[in-house]
Amino acid sequence: MPEQYPARNSRVAWRVYDGEAVILVAEDSTLNTLNAVGTVVWEAADGRTPVSAIVDRVCDEFDVDLAQAERDVAGFIEKLRRRGLLNVAASPDAVP
Amino acid sequence: MADVVIAIAGLRTAIATRDGDVVQLVRDRYKGFLSPGSPAWRLEIETGPVGARRTHDDVLVSRAGAEPRYVINRGDFAGTVDLLSRGASVTLADANEYSLDSFLRILYSLALVEARALVVHAASLVRHRHAHLFCGRSGSGKTTVARLSPDATLLSDELSIVRISDGHAQCHGTPFWGELARAGDDRAAPLAGIHFLHHGPRHASSVVTPRQAIERLLPNVLFFARDPELTARVLAIAADLVDAAPCSDLSFRLDPGFWEVIDRA
């Protein structure tokens, strides 16, 4: 499976409260809130960190096995990509 | 061209127009907010065809280029707001109070971000020299709370302005009214609490966390611009605001007893 590099959309503003992110989208002022696991993924999505490293972080911080974490992180990244919150590239810093 | 100066939340705007009906409209509608001081902003108003094709209530605010300049269109007006020069202009289809008020609400929602203030869908009342913000969408009880508080000073029953300075929040009266059809007082008071309103069978208040507060507050912030820079500033002000004042969910029924719950909290 080729590596992927998620990056937060630059047109959103966000903050983390008690380990949970609140994301405000400029385009339509919609508000998204993430749970603790989602927030780890979100904070790591800097366009330079590969998905495999994000999965490792999730495994380190939460009681979850690797296979489950891989499925959950991939599904979550895809969900945020469809919402326009994340962009995903095949190489580091390739996201516009 | 006649100038009338109004000040809302301390932000003075000179309104310049050749239309005598508009001058009279401003003097009447904003009479509690007329101000003799030197203006920070200038708004030029014309009346005539606006050429907009949008439906009456559909507001579009878009950034025009790299500078912080916004184009604002609705069926009954078309205007611009330039944050750099602190100048705005608008063409109103006619000297209509509703159109002018709507444009001013948008203008102030943009202009006040620089002053670290937000325009919020909330009633606000001053009691014992402190302001309380009652936040909620239409039907949540903003006007009802104002009606049930004859001993309090009304700042607004619909759109309030809260400003952050040195970690302290102040709530300002506005001329932007709701069902009450009465302007608030032109005064400010330290913000004692933010209450997220909903009707219930009894009066009850429960503290909410900063995260819950920001989730409840942001949908009530008057904010139109599809602009990442401004969005980030609005989020930062909102975050400071929920840190600066105690935030709670307030369930209330139709009597003034909710003030006892607030006083006890």
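Convention: sequence-line order gives letters A, B, ...; per-chain numbering from 1. Only a predicted model underlies this, so the values are computations on that prediction, with no experimental measurement involved.
Atom CG of B/L218 sits about 12.5 Å away from atom CD1 of A/I23, to the nearest 0.5 Å.
Interface residue B/I214: backbone and side-chain heavy atoms are both found under 4.5 Å from chain A. At a 4.5 Å heavy-atom cutoff, the contact between A/L31 and chain B is made by side-chain atoms alone. For B/V242, the part lying under 4.5 angstrom from a heavy atom of chain A is the side chain only.
Take A/R71 and apply the salt bridge (charged side-chain N to carboxylate O under 4.0 Å, His left out) test, not counting sequence neighbours, and it matches no residue.
Of the listed residues (B/A232, B/A239, B/P219), the one with the most heavy-atom contacts under 4.5 Å to chain A is B/A239.
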I'd like a table of all donor-acceptor pairs linking chain A to chain B (distance under 3.5 Å, no angle check), giving the atom names and the distance to one decimal.
residue	atom	partner	partner atom	Å
A/R11	NH2	B/R226	O	3.2
A/E20	OE1	B/R211	NH1	2.3
A/E27	O	B/R226	NE	3.2
A/T33	OG1	B/R211	NH2	3.3
A/L34	O	B/R211	NH1	3.2

